[in-house]
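Predicted model, so just to flag it, every value in this text is computed and none were measured. Lettering follows sequence order; numbering is per chain, from 1.
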Number of protein chains: 2
Amino acid sequence: MAETETVRQANAAAFDSLEVALDRGSPIPLYYQLAQQLESAIEHGALAPGNLLGNEVDIAARLGLSRPTVRQAIQSLVDKGLLVRRRGIGTQVVHSQVRRSLELSSLYDDLAAAGQSPATRVLRNEIQSASPEVAAALGIPEGRDVIVLERLRSTHGESVAHLTNYLPATLLDLDTERLEATGLYRMMRAAGITLHSARQTVGARCATADEGTLLDEPEGAALLTMCRTAYDDTGRAVEYGTHVYRAARYTFDFQLLVRP
Amino acid sequence: MAETETVRQANAAAFDSLEVALDRGSPIPLYYQLAQQLESAIEHGALAPGNLLGNEVDIAARLGLSRPTVRQAIQSLVDKGLLVRRRGIGTQVVHSQVRRSLELSSLYDDLAAAGQSPATRVLRNEIQSASPEVAAALGIPEGRDVIVLERLRSTHGESVAHLTNYLPATLLDLDTERLEATGLYRMMRAAGITLHSARQTVGARCATADEGTLLDEPEGAALLTMCRTAYDDTGRAVEYGTHVYRAARYTFDFQLLVRP
DNA sequence: CAGTGGTCTAGACCACTCG
DNA sequence: GAGTGGTCTAGACCACTGA
C-alpha cells in the first residue's frame, strides 16, 4: 500500500525533526534525559501511535551517544509500556488506546496516592499491643507496640473509605495534623523509609450495621475490601492495612503489563 | 555485632560455592542462564535472605563474563523484586517474607491462569453484533461482529465466577471443546496473538436474583466484579470481559513493585 | 538480500556508602 | 580511602524480519 509508505516516511520525519537536547553537564543520566524527552514527545503527539522510531544505531549516531545508552532509554519506555520492540522490524509507539489506559492508572498510583487525597480525617492515632493477626502480618512478636491508625477518607463531602493501618511503633512518629495534610506514604518516605513492594488482597462483602453508619450506607450494602502489607527495601514489613471502600463510590483500577 | 560479621562471611561462602554452569553453545542468552540459576539458588535457599551477592566485577571475572552481562542478569531479578541493589553497599537477596508474597501471586498470574482452571463450562459461544459498550471497549465500529463468550467457572464442584468475554470475530476461531480444555488466553496465544497489556477495574455490588441463581448465592450477596480490556502488542484491543465472582469464594491477590 | 533489534565484550569514570 | 553499584563508550556478531 502506498499509504504504508507514506506513513513510514512521516514517521522518520517525525522522529528526525524531534529535537532532543542532551545536557552532558547535568547530573541526570543521558539515557534518562533521552527517555523523558521521548516520553513527552509521545504524550504530545510528536511521535504518533504506530510510528517507527528509527534504528538504534542511527539514533545513537545522531545524538552522539553510544548504542547501549540509547537502548537503555528505549528499554525504560518499553518497560513502561509506551514502546514495543520487534526484532527485524523496529521500535514502535504503542497505540493510543493502550497508552491512554496506561496513563489513567499506573500500577503504583494507589500506593503513591494513598493518603494524598484531599480530605482524610484521622479517627484514631494511638499505640497498642500487636494482636496475633497484626503481629503475623508485620512479622513482629505478638504484643509488640504498634501504631494504630484509623482514618475516614472522603471526596466531595461524601465518605468513600474507612482505612485502618498498623505500623511498627519504632518506625516513625505520626503527627495527626501532618498526617491529614501530607498523607501516610509521604510521611514514611520523609522518614527515610523506601518502599520496595506491597501485597494486596481485594475482596468484597456486605456492610455490617456499624460500617453502614460510618460510611453512610445501608446495612447489607456491597463494600470493597482491601488488605495490604507493604515492605521496605530491607525486607521489613512497614505497614499493614485493612481498608473498606463503598462500592458505590470506589473501584480499583490497574494496568497489567505482560513481560515478554 | 559479631553475628553480622559471621553472616557476611557466610554470604560470600554461599555465593562462592554456588555452581553456575554456563553453556555458551546454548541459544539461551548467557544473562538469562545466570539469572535463572541465581533465581533457583534463591528459591532453594542456597542464597539466603539478606545475603550480599558480591561485587559485579568479581562475579563477571569468576564466570568469564563481561560486567554488563552480569548486570543484565542481576537487573532482571531486581525487576522481579528478588534482589535489591544499594549503591556503595552491594546487591542483596530480598527477605523471605517479601519473596513469599511475590511467589504466591505474580502480577500476571490472573492473566496467565485465566481459563486454565480445572472446571470451566461454556454457557455461550456465538457471534453477535457489537453493542455500543462493547464496541467502545474494543475500539471497533458499533455493530461489527464479535464473539460472545459466557463461561461458568467452578472449583471443587462449587461455582466461583461467571465470565463474559467479547472478542473481535475476525481474530480467531473458538472451538468450545478446546476452550474448556485449554483456556481462552492459551488459545489466543496459539493463534499468534501476543498480549501486551490489560486494564482492569475491580469493584463490588450485590447480587441480583438471576446472578444469585447462577452462582448459587442468595439475592443481595456481595459479589466482586472485574472489567478487563486486553491489548495486543500492535495496540489492538483483543478482548473485553466483564466478570462476576462470588466474594465468599474469591479474592484478587496482587503484588506491587515500587520502581526506584 | 539488507535492515532491525538481541546479545556480548573490555574497558572507563563517577557517585555513593562505609569505616 | 576503599569498595560498591550507576553510567557510558565503541565496537562486535547473531537471529530474525521483510521484500
Side-chain angles (χ1 to χ4, degrees), chain A residues 1-2 4-5 7-9 11-12 15 22-36 51-79 83-93 192 194 233-234 259-260, chain B residues 1 4-5 8 11-12 15 22-36 38 51-79 83-93 192 194 233-234 259-260:
Chain A
M1 281 164 70
T4 307
E5 192 47 41
V7 169
R8 195 157 289 179
Q9 282 169 13
N11 299 343
F15 183 74
L22 298 174
D23 177 5
R24 293 193 106 91
S26 161
I28 300 172
L30 292 171
Y31 81 88
Y32 193 78
Q33 294 183 37
L34 175 54
Q36 278 192 320
N51 275 13
L52 285 167
L53 224 57
N55 76 64
E56 300 172 348
V57 181
D58 286 353
I59 297 179
R62 201 153 66 72
L63 300 179
L65 296 172
S66 69
R67 187 182 163 206
T69 302
V70 172
R71 273 185 68 79
Q72 194 174 0
I74 292 178
Q75 187 60 47
S76 70
L77 297 186
V78 170
D79 291 341
L83 296 176
V84 179
R85 287 190 210 264
R86 294 162 191 275
R87 213 193 186 93
I89 302 186
T91 304
Q92 251 181 329
V93 178
T194 48
D233 62 358
T234 70
R259 308 193 240 205
Chain B
M1 279 166 66
T4 307
E5 192 47 41
R8 196 156 291 180
N11 298 344
F15 182 74
L22 299 174
D23 177 5
R24 294 192 106 90
S26 161
I28 300 172
L30 292 171
Y31 81 89
Y32 194 79
Q33 294 184 37
L34 175 55
Q36 278 192 321
L38 284 177
N51 276 13
L52 284 168
L53 224 59
N55 76 65
E56 300 172 347
V57 182
D58 287 353
I59 296 178
R62 201 152 67 71
L63 300 180
L65 295 173
S66 69
R67 187 184 164 205
T69 302
V70 172
R71 272 186 70 79
Q72 195 174 0
I74 292 178
Q75 187 60 45
S76 70
L77 297 186
V78 170
D79 290 342
L83 296 176
V84 178
R85 287 188 209 265
R86 293 162 193 277
R87 214 193 185 89
I89 301 184
T91 303
Q92 256 181 325
V93 178
T194 48
D233 62 358
T234 69
R259 311 193 237 206

Reading nucleotides 4-11 of chain C 5' to 3', which nucleotides get B (base under 4.0 Å from a protein heavy atom), which S (sugar-phosphate only), which -? BBBBSBB-

Hey, mind stepping through A/L65 and A/L22 against side-chain contact (heavy atoms from CB on, under 4.5 Å) and telling me if it holds? CA-CA 10 Å; A/L65 296 172; A/L22 298 174; 3.6 Å; yes

Does B/Q92 use its side chain to pair, donor to acceptor, with the backbone of B/L53 at less than 3.5 Å? no

Sorted by chain and number, sequence neighbours left out, salt bridge (charged side-chain N to carboxylate O under 4.0 Å, His left out) with B/R86 holds for A/D233

Would A/I59 and A/N55 satisfy side-chain contact (heavy atoms from CB on, under 4.5 Å), going step by step from the backbone distance to the final call? CA-CA 6 Å; A/I59 297 179; A/N55 76 64; over 6 Å; no

Using the side-chain contact (heavy atoms from CB on, under 4.5 Å) rule, take A/V84 and A/T91 through it: C-alpha gap first, then chi angles, then the decisive distance, then the call. CA-CA 6 Å; A/V84 179; A/T91 304; over 6 Å; no

